[in-house]
Amino acid sequence: MNTRQAIEIILSRLREDDIALFTTGYISRHAFSIKDRDANFYMIGSMGLLSSVGLGIALNSDKKVFIFDGDGSALMDMGAMAMIASHKAPNIVHIVLDNRSYMSTGGQPTISKNIDFSYVAQACGYKRSLKISSVNQLRKSFPGILSGGGPVFLHLKTRDESPVDAGRVSIGPEALSRRLINKITEE
Amino acid sequence: MKDKTVQYIPAVRENAALGLASGAYLAGKKSCVLMQNSGLGNIINALTSFNLIYGVPVLIFMTWRGFEGRDAPEHIVMGKKMLPLLKELGLPYRVLTDNYKKDIDWALDKMDEFAIPAALILKEGMIA
């Protein structure tokens, strides 16, 4: 399973109202080029911050919030996992796409081969924590993942040989914020 | 914190607090962050590559440790550099006075006008 396939599978299973937040780099670029939607939000900067922003949204909205993190961004602000679990946000699905590398800066290795994120999530107190490493497993985990409360953590072991051609997000950051606010606060 | 209309959410570090408060804003709520000024160092990246470019205003209350150089050694540098840093970042800021309601209104106006965070500085004795 590569990063793009994993994002594609999950995106295709989201409801129109589900909020999907994508971290910095290729994860945002893949999502934008696979299927842009009004409930998508791309974090082009501030690597690591997305999971905290996602918690802030989830605690103040009834919508389901999918946070697409990478191994690099999850490691950068691992304290955010402790916060998500501590605040018991039932509407969060926190996904870590773990390809063990900083893909958008040239594929340098991260330290994630030594880290079992699903155990970290479990130890922090996520309601459910799954480790998934194949496309079939990921497909089978739906729709179960979406029922039965949260926060849910998905550690997706992915493999990316080389950067795939995925264009940059062409919507400006302020427009992305406005679009998300409108989507969350619409009646 | 006893005010039931205000939700208090503990954060593990200052940039995470700013992220949380920003998420609340994106969900249509007003939010603020309370922190010591040492945390200004921790939030600069969040400010420059998130809040300031995404137009996400959050009110930041920041204590002034190291005021006039009278504090423990770890607070002296930030005590001296805090205002120049805020100025350089282009954040509206003001030192909170006894007329704090007016100061808060001023900060909220700036946030509305520019869609960026504003900082209110608290000197010793203003909060427990």
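Lettering of chains follows the sequences in order, A, B, ..., and the numbering in each one begins at 1.
- Taking non-hydrogen atoms and a 4.5 Å limit, the residue list of residues 50-77 of chain A in contact with chain B, ordered by number, reads Ser52(A), Val53(A), Leu55(A), Gly56(A), Ile57(A), Leu59(A), Asn60(A), Ser61(A), Asp77(A).
- How far OG of Ser177(A) is from CG of Asn51(B): 9.0 Å, rounded to the nearest 0.5 Å.
- Counting heavy-atom pairs closer than 4.5 Å to chain B, the top residue among Ile44(A), Ile19(A), Leu180(A) is Ile44(A).
- Residues Ile184(A) and Leu26(B) approach most closely at CD1-O, 3.5 Å, considering heavy atoms.
- Summarising the local packing, CD of Glu88(B) is surrounded by 12 or fewer heavy atoms from other residues, nucleotides or ligands at distances under 6.0 Å.
- Residue Ile104(B) is not grouped with residue Leu91(B) when hydrophobic side chains (ILVMFWY) are merged at heavy-atom distances under 4.5 angstrom, including chains of intermediate members.
- In the hydrophobic clustering of this structure, Leu97(A) groups with Phe32(A); members are Ile, Leu, Val, Met, Phe, Trp, Tyr whose side-chain heavy atoms approach within less than 4.5 Å, directly or through other members.
- At a threshold of 4.5 Å between side-chain heavy atoms, the hydrophobic network of Ile, Leu, Val, Met, Phe, Trp and Tyr places Phe142(A) and Val152(A) in one connected group.
- Side-chain atoms of Tyr25(B) and Ile181(A), non-hydrogen and from C-beta on, do get closer than 4.5 Å to each other.
- You'll find the side chain of Met47(A) stays beyond 4.5 Å of the side chain of Ser49(B), heavy atoms only.
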Is there a side-chain contact (heavy atoms from CB on, under 4.5 Å) between Ile53(B) and Glu174(A)? Walk through the geometry before answering. CA-CA 7 Å; Ile53(B) 62 166; Glu174(A) 265 192 74; over 6 Å; no
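- With hydrogens and angles disregarded, a donor-acceptor distance shorter than 3.5 Å links the side chain of Arg178(A) to the backbone of Gly55(B).
- Contacts of Ala11(B) with chain A are made by both backbone and side-chain atoms, with heavy-atom separations under 4.5 Å.
- Ile60(B) and Leu89(B) fall within the same hydrophobic cluster, where Ile, Leu, Val, Met, Phe, Trp and Tyr residues are linked whenever their side-chain heavy atoms come under 4.5 Å apart, directly or through other members.
- For OH of Tyr119(A), the number of neighbouring non-hydrogen atoms (other residues, nucleotides, ligands) closer than 6.0 Å is 12 at most.
- Other residues, nucleotides and ligands contribute over 12 non-hydrogen atoms within 6.0 Å of the CG atom of Asn99(B).
- For the atom pair Leu20(B) CG and Met83(A) CE, the distance stands at 4.0 Å (nearest 0.5 Å).
- Remark: aromatic rings of Phe41(A) and Tyr54(B) are close, center separation under 6.0 Å.
- The cluster map of Ile, Leu, Val, Met, Phe, Trp and Tyr, joined by side-chain heavy atoms under 4.5 Å apart, puts Phe67(B) and Met82(B) in the same cluster.
- With chain A as partner, the option from Val56(B), Leu47(B), Val12(B) having the largest number of non-hydrogen pairs under 4.5 angstrom is Val12(B).
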